[in-house]
Amino acid sequence: MDAQITIIGAGVVGLAIAEKVSEDFVDVLLIEKHPAFGQETSSRNSEVIHAGIYYPKGSLKSKLCLEGKKLLYDYCRKYDVPFKRCGKLIVATSPDEIPILDGIRKTAIGNGVDDLEILDKSRIAEIEPSVYALQAIFSPSTGIVDTHSLMKRYETNTMNNGGNIVYASEVTGIRKISNGYEITLLDSDNNNYTFTSRIVINSAGLTSDLISGMAGINDDSLKIFFCKGEYFRLNPPKNRLISRLVYPVPVHNLEGIGIHVTVDMGGGVKLGPDVTYLESNNYDYRVTPSKQESFLKSVRKFLPFLEYDDLSPEMAGIRPKIQKPGDPVRDFYIEEESDRGKPGFINLIGIESPGLTSSLAIANYVRKLIRN
Ligand SMILES: Cc1cc2nc3c(=O)[nH]c(=O)nc-3n(C[C@H](O)[C@H](O)[C@H](O)COP(=O)(O)OP(=O)(O)OC[C@H]3O[C@@H](n4cnc5c(N)ncnc54)[C@H](O)[C@@H]3O)c2cc1C
């Protein structure tokens, strides 16, 4: 075998897996089609370290988010990756939303998130004076992280562990052979290469369903739907009026958690993301300027000081959803595929939020699948 373990995709999850498995194994190879890491979803998100409040009890999303949050804070401290444990408010702006807060708190406690506080109007005014709310949940363990620095550190540690990273090479074919897989790559000069690997880990984000199909695992329930989220920036000087994350109460099926307000490590403030399933799976990262009015309307409920000209189009990201529009929430799909006749092939599909928060916990989970 040319490689013991091949990981496809150098987003934040593939990189975390590469770091963790290269601690245990030699001949680890990470393949990425772009010339550098994190050119897709991992650079187009809210950069929030989620507390694990909303996910269904017992789901991988819930378990890996909780574990991942703790691992990520420890990792950031250890390796000087910039982060801030700034906390988050979930706000009720009308009396009918107050019971929803109660439900969120109960789900969170069931998930092991036991540090939430209920704040009344006067306490909210003390900590975020520009925010309007009748009541709020405060989550002290929610934070933000500089995702680029995090990915850079995963990359450096992978290489320090002896792992190899090959950029600008796209996986175009995967064939089962007797004791592993033969993988075909297309490089940036249009040359094809093949090599063999005992274990293959599919961490290809938006195209992970296609990679799975290349290996012969075609399953309609694992088909990815591109689901776009757009952001608007809150222009200076009003960005200085917000210092924490502020979320409305979420919509019922968790397609997204409502247009919220996130702060970043540089003091910038973003509104979004919204939730729009794309008609076809294309990489449409354009921001729709005409949405400015509706973004303003949603967040003015809790940021009443905002005016139209305080916003500007910022960026968009695309969620790799296996949940069809209108369907109930789906969990991360992380499986070793022996049952489908593909031993040593590990699929990670539908790694949407909280994938960034969970990256180290997902990596440990995959490491266990390999050991088993
Ligand atoms: C709008 C939005 C907001 C979000 N906010 C948060 C948040 O605040 N907190 C949080 O925890 N999570 C958040 N997420 C989720 C988080 O961003 C993702 O879960 C995470 O980035 C997924 O990382 P990944 O490595 O699985 O995928 P990706 O970052 O998509 O990486 C996959 C990589 O695989 C490569 N690849 C694909 N096909 C091939 C091929 N054939 N050959 C070689 N390489 C290939 C791609 O080029 C890509 O680099 C958000 C997501 C979105 C869209």
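Atoms within a ligand are numbered from 1 in the order they appear, just like the ligands themselves.
Sorted by chain and number, the residues within 4.0 Å of ligand 1 by heavy atom are Ile8, Gly9, Ala10, Gly11, Val12, Val13, Gly14, Ile31, Glu32, Lys33, His34, Glu40, Thr41, Ser42, Arg44, Asn45, Ser46, Glu47, Val48, His50, Ser169, Glu170, Val171, Ser203, Ala204, Gly205, Thr207, Ile211, Tyr231, Pro273, Gly317, Ile318, Arg319, Ile351, Glu352, Ser353, Pro354, Gly355, Leu356, Thr357.
Side-chain N or O atoms of His260 include one that pairs as donor or acceptor with a backbone N or O of Gly272 at under 3.5 Å. Under the 3.5 Å distance criterion, the side-chain polar atoms of Asn235 are matched with a main-chain donor or acceptor of Asp310.
Under 3.5 Å, the side chains of Tyr75 and Glu19 contain a donor-acceptor pair of N or O atoms. Side-chain contact of Asp187 with Ser169: a donor-acceptor pair under 3.5 Å is absent, judged by distance alone. Side chains of Asn347 and Ser212: a donor on one and an acceptor on the other come within 3.5 Å.
In this structure, the side chains of Arg244 and Phe138 come closer than 4.5 Å at one or more pairs of heavy atoms.
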